[in-house]
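Here's the structure, in structure tokens; my notes come after.
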Amino acid sequence: MNVAEKTYCESSFFERVLANKNKKEKGVYGILYRFLSKQCDIVLDMEKTDFLKLCKEKPLYKQLFKRANLSFRAIPTWKENVDFSDNVDKIYLYDSKTRKECEKIREAKGCLAISGEEQDVLYFERLGRVHYFNLVPKSDQIEDKNITYHNSWEEFFATFKLPPLNAIIISDNFLFGDKFQQRKERSLYAILKAMAPKDLKEDLHITIFAENSNSTLTKERAQEVIAEIKALGLNKNTKVTIVAHTIKSTTHDRKIVTNYDYLQSGVGFNVIDESGVEKIAIGQEQSITGGLDSPVTVRMLQVQQVQWLKDIFEKKKGMNVPCAFIVGDKINRLFLDQ
């Protein structure tokens, strides 16, 4: 996973983005243009000679071509060689596919494909919105019409639609603490059930990182948790890995990363049991298409977290003591570079 988002775009779609990027009534195209120009390696379906001519003659093409650390190029045959299988984080912008065709790609492959139909373009805009969660015990809630509380993880995730995904990474130092057994069904397992795509045809990869300096989690218990997660029926073939390590700082901030999404919790994710919310947890979710006006984009935060965890996953850091271990399928496509 790299900071630059590799985006394959049909030329007609791309030209429409350029033509409408400054029109207020077509505001979503302005968002699309900022997204493409700020964090995407762009590939167009045109002949190289035609493309280079446009880069000389058209100011916007020239600007995009000269960006630092981001590429802008033409591959006329890219549509003939697309393989949506085992996707990490590529994006496809189509005029030749319908909304329903792109929706099927998103659901079955966990790949962000967008058609040129208005509903799909608006879907892209909705993805970038921030969604806040506010989990508070009922005894601590106050009556205020300006405050929205969530009484379960399911309730929070039901308020919006997640971007497509085929892989999940969770990092939380205290997930497997002394309250895990009584809270696992309504916390970790509830989150996974709420996030797992119902129509995904690819393997679903789930990796959980937890700090384990005090040996709270044993290999045997981790293997039991893996078996319980697989028994949830999230996907026909779910690959689960648990990583117990000793670097507290890397997973101090509790986060969930997927192919196109970034979620963080101030306290953690293990805060609910059968009687309800037991501990206040406040945080937010946002996809990589949002936060474009910030110097540090959501994409930057997402990739930074994955790179930190990748060093642990590959046993470069925090894994040289007996209490540190990796069990399970030991695979997550988010650690791959495409």
Side-chain angles (χ1 to χ4, degrees), residues 1-3 86 88-89 165-181 183-184 187-189 191-192 195-196 202-232 234-235 237-259 261-271 283 299-338:
M1 181 175 277
N2 300 304
V3 174
D86 223 21
V88 176
D89 55 2
L165 67 90
N166 57 37
I168 301 170
I169 296 175
I170 299 176
S171 58
D172 185 342
N173 281 354
F174 305 105
L175 185 64
F176 297 112
D178 57 359
K179 300 288 186 180
F180 176 73
Q181 189 62 26
R183 295 179 179 176
K184 61 182 181 181
S187 292
L188 175 62
Y189 299 170
I191 290 171
L192 292 175
M195 294 187 72
E202 299 288 306
D203 294 350
L204 175 62
H205 293 182
I206 298 171
T207 304
I208 302 168
F209 288 79
E211 200 278 331
N212 199 40
S213 295
N214 58 4
S215 300
T216 300
L217 184 66
T218 65
K219 286 185 179 180
E220 293 72 24
R221 183 64 187 115
Q223 288 164 341
E224 290 173 3
V225 172
I226 289 172
E228 290 170 1
I229 292 173
K230 291 189 175 187
L232 296 175
L234 304 175
N235 183 266
N237 197 3
T238 303
K239 305 290 188 181
V240 186
T241 306
I242 291 179
V243 183
H245 61 90
T246 59
I247 302 182
K248 293 182 179 181
S249 57
T250 299
T251 48
H252 175 73
D253 296 324
R254 296 78 175 181
K255 298 171 182 175
I256 298 177
V257 172
T258 71
N259 307 68
D261 209 27
Y262 181 81
L263 189 150
Q264 53 187 341
S265 172
V267 170
F269 303 106
N270 193 43
V271 296
R299 176 63 173 177
M300 291 176 184
L301 294 171
Q302 180 204 40
V303 173
Q304 181 185 60
Q305 180 71 3
V306 170
Q307 291 301 324
W308 284 344
L309 296 175
K310 186 177 180 179
D311 284 344
I312 298 173
F313 190 75
E314 294 179 347
K315 297 186 177 181
K316 294 177 182 177
K317 294 180 179 179
M319 298 297 292
N320 59 348
V321 291
C323 61
F325 56 82
I326 301 178
V327 295
D329 295 295
K330 301 178 183 179
I331 184 172
N332 195 300
R333 59 175 63 87
L334 295 186
F335 293 127
L336 303 175
D337 293 326
Q338 281 193 342

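Heads up: numbering here begins at 1 and tracks the sequence.
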> Do the side chain of Ser187 and the main chain of Val271 share a donor and acceptor less than 3.5 angstrom apart?
Replying inline: yes
>> A side-chain contact here means heavy atoms from C-beta on lying under 4.5 Å apart; do Val243 and Leu309 qualify?
In response: no
> Any side-chain heavy atom of Gln307 within less than 4.5 Å of one from Gln304?
Replying inline: no
> Any donor and acceptor pair, going by atom type alone, linking the side chain of Thr258 with main-chain N or O of Ile168 inside 3.5 Å?
Replying inline: no
>> Run the side chain to side chain contact (heavy atoms under 4.5 Å, CB included) test against Ala196 and tell me which residues pass, sequence neighbours left out.
In response: Leu204, Leu234
> Side chains of Thr241 and Ile326: closer than 4.5 Å at any heavy-atom pair?
Replying inline: yes
> What pair of heavy atoms forms the shortest contact from Ser213 to Lys248, and how long is it?
Replying inline: OG-CE, 4.3 Å
> Rounded to the nearest 0.5 Å, what separation is found between the CG atom of Asp261 and the CD1 atom of Ile256?
Replying inline: 9.0 Å
> Between Arg299 and Val3, what is the shortest heavy-atom contact and its length?
Replying inline: NE-O, 3.2 Å
> Who passes ring pair (Phe, Tyr, Trp, His ring centres under 6.0 Å) against Phe335, sequence neighbours left out?
Replying inline: Phe313
>> Going by salt bridge (charged side-chain N to carboxylate O under 4.0 Å, His left out), name the pairs with one or both residues in residues 302-311, residues two or more places apart or in two chains.
In response: Lys310-Asp337, Asp311-Lys317
> Sequence neighbours excluded, which residues qualify as side chain to side chain donor-acceptor pair (under 3.5 Å) partners of Glu202?
Replying inline: Lys109
>> I need the Ile206 CD1 to Leu192 CG distance, nearest 0.5 Å.
In response: 4.5 Å
> If you measure from CZ on Phe269 to NZ on Lys255, what distance do you get to the nearest 0.5 Å?
Replying inline: 10.0 Å
> Residues in ring pair (Phe, Tyr, Trp, His ring centres under 6.0 Å) with Tyr262, at least two apart?
Replying inline: none
>> When you measure from the side chain of His205 to the backbone of Arg333, do you find a donor-acceptor pair of N or O atoms at a distance under 3.5 Å?
In response: yes
> CZ/Phe209 to CD1/Ile169 distance, rounded to the nearest 0.5 angstrom?
Replying inline: 6.0 Å
>> Contact between Trp308 and Ile247 at the side-chain level, heavy atoms closer than 4.5 Å - yes or no?
In response: no
>> Just to verify, what does Ser171 make a side chain to side chain donor-acceptor pair (under 3.5 Å) with, not counting sequence neighbours?
In response: Gln305
>> Restricting to ring pair (Phe, Tyr, Trp, His ring centres under 6.0 Å), what partner residues turn up for Phe325, sequence neighbours left out?
In response: none
> Taking only residues two or more places apart in sequence, or in another chain, which ones meet Glu228 in a salt bridge (Lys or Arg N to Asp or Glu O under 4.0 Å)?
Replying inline: Lys184, Arg221
>> Please enumerate all residues that pass side chain to side chain contact (heavy atoms under 4.5 Å, CB included) together with Asn214, with sequence neighbours excluded.
In response: Asn212, Thr216
> What closest approach, in Å, do Phe180 and Leu175 show between heavy atoms, and which atom pair accounts for it?
Replying inline: CD1-O, 3.2 Å
>> Return the CG to NE2 distance between Asn320 and His245, rounded to the nearest 0.5 Å.
In response: 13.0 Å
> With Arg254, which residues qualify under salt bridge (Lys or Arg N to Asp or Glu O under 4.0 Å), at least two apart?
Replying inline: Asp172
>> I need the minimum non-hydrogen distance between Asn259 and Ala167, along with the two atoms involved.
In response: OD1-N, 3.2 Å
> What are the two closest non-hydrogen atoms of Thr246 and Cys323, and how far apart are they?
Replying inline: CG2-SG, 3.8 Å
>> Please enumerate all residues that pass salt bridge (Lys or Arg N to Asp or Glu O under 4.0 Å) together with Asp203, with sequence neighbours excluded.
In response: none
>> Nearest 0.5 angstrom please: Glu224 CD to Ile229 CD1, how far?
In response: 12.0 Å
> In chain order, what residues pass the side chain to side chain contact (heavy atoms under 4.5 Å, CB included) check against Lys230, with sequence neighbours excluded?
Replying inline: Ile226, Val240, Asp329
> Ile170 versus Met195: any side-chain heavy-atom pair under 4.5 Å?
Replying inline: no
